[in-house]
Amino acid sequence: MVMLASFPPDVRVVGTNVSLRPWELHDLSHMPALFDDPEVARWTALPSPFDLTAARARIARSHRLAAGGIGLQLAVTLPGEERVPRGEIGLMRDADEPDTAELGYAIGPAHRGMGLASGSLALCAELALRELGFERVILRIDPENAPSLGVARSAGFVPADAPLFHRPMKGRLHTLVTWTLPV
């Protein structure tokens, strides 16, 4: 069972094609180009429009979540180019199953198709299972989000034998399919 009261505030993970690190104030100017996008607005809970005010709130939220032991929101970067974010991956402790980590991701439009989403999923899942002590890693994906379904498959996730999950987001109820990483 996961017993962390908080998450490491300075967690940094470097993989072959992707690096993950905490959001920092110097990221503010990059964030609107990453997240003020119709696809991000359609599939995520990130605010739209996403401006510098939203970016400041996102960074502050990421620090609160880590300190409270609720989750991590990490900038997706490239090894050797860690100062420039390309997207985000989030790891949240499941409220109903504290041994389960739910991952979510968004890659900026200029950086899609480079394997960053699947690479960050694999790296974050490894962090959750091997370093943070979670027993299970899941994704919850809208069945109409074909790009995200492809990312899940390429990162080794498979549909879980679980009922549909319903999450209110942006004024409507979203029906999501749970995907799991076989361990």
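For the numbers below, each heavy atom of this structure counts, side chains included, while hydrogens, waters and symmetry mates do not. None of the values given here were measured: they were computed from a predicted structure.
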Do you know which two heavy atoms are closest between [X] and [Y], and how far apart they sit?
X: Asp142; Y: Glu144; value: OD1-N, 2.8 Å
X: Ser29; Y: Pro32; value: O-CD, 3.9 Å
X: Leu46; Y: Phe50; value: CD2-CE1, 4.0 Å
X: Met92; Y: Gly71; value: SD-CA, 4.0 Å
X: Ala160; Y: Arg136; value: CB-NH2, 4.1 Å
X: Leu149; Y: Pro143; value: CD1-O, 3.4 Å

Are [X] and [Y] packed together at the side-chain level, in the sense that at least one heavy-atom pair is separated by less than 4.5 angstrom?
X: Glu126; Y: Leu132; value: no
X: Leu121; Y: Leu103; value: yes
X: Leu28; Y: Arg56; value: yes
X: Arg140; Y: Trp179; value: no
X: Val11; Y: Leu127; value: yes
X: Arg86; Y: Glu81; value: yes
X: Leu129; Y: Leu181; value: yes
X: Ser118; Y: Arg153; value: no

- Message: Evaluate Ile141 against Val177 for side chain to side chain contact (heavy atoms under 4.5 Å, CB included), listing each step before the verdict.
- Response: CA-CA 5 Å; Ile141 304 172; Val177 175; 5.6 Å; no
Check for me, please, whether [X] and [Y] land in the same ILVMFWY cluster - side-chain distances under 4.5 Å, paths through other members count.
X: Met114; Y: Phe35; result: no
X: Phe157; Y: Leu116; result: yes
X: Leu34; Y: Leu74; result: no
X: Ile138; Y: Val151; result: no
X: Met31; Y: Leu20; result: no

- Message: Looking at Arg83, I'd like to know if its CZ atom is crowded, meaning that more than 12 non-hydrogen atoms belonging to other residues, nucleotides or ligands lie closer than 6.0 Å.
- Response: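 Result for CZ/Arg83: open.
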- Message: Quick test of your reading: applying ring pair (Phe, Tyr, Trp, His ring centres under 6.0 Å), list the pairs with at least one residue in residues 73-97, sequence neighbours left out, ordered by first then second residue.
- Response: none
- Task: Just do the side chain to side chain contact (heavy atoms under 4.5 Å, CB included) check on Ile107 and Val76 with the steps written out, would you?
- Result: CA-CA 8 Å; Ile107 302 297; Val76 174; 4.2 Å; yes
- Check: Ser120 side chain, Ala117 main-chain N or O, donor-acceptor pair, under 3.5 Å: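 Yes: the side chain of Ser120 pairs with the backbone of Ala117.
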- Item | Donor-acceptor contact present, side-chain Asp27 to main-chain Glu24, <3.5 Å |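 Pair found, side chain donor or acceptor close to backbone of Glu24.
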Starting at [atom1] of [X], measure out to [atom2] of [Y] and round the result to the nearest 0.5 Å.
X: Arg21; Y: Leu72; atom1: CZ; atom2: CG; value: 13.5 Å
X: Arg64; Y: Ile70; atom1: CZ; atom2: CD1; value: 9.0 Å
X: Thr178; Y: Leu176; atom1: OG1; atom2: CG; value: 7.5 Å

- Given the rule in the side chain to side chain contact (heavy atoms under 4.5 Å, CB included) test, do Thr180 and Val158 qualify, once you have shown the distances and angles that lead to the verdict? CA-CA 5 Å; Thr180 189; Val158 296; 4.1 Å; yes
- Message: Distance alone, cut at 3.5 Å: any donor-acceptor contact between the side chains of Glu82 and Ser19?
- Response: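 Side-chain D/A pair, Glu82 to Ser19: present.
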- Any side-chain donor near an acceptor of the partner, Thr44 and Tyr105, under 3.5 Å: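 No donor-acceptor contact under 3.5 Å links the two side chains.
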- Query: Would Glu39 and Arg112 satisfy side chain to side chain contact (heavy atoms under 4.5 Å, CB included), going step by step from the backbone distance to the final call?
  - Reply: CA-CA 11 Å; Glu39 290 301 300; Arg112 294 180 188 146; 4.1 Å; yes
- Under the side chain to side chain contact (heavy atoms under 4.5 Å, CB included) test, residues paired with Gln73 that sit two or more places apart: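 Expected list: Trp23, Arg58, Arg61, Ser62, Leu65, Glu88.
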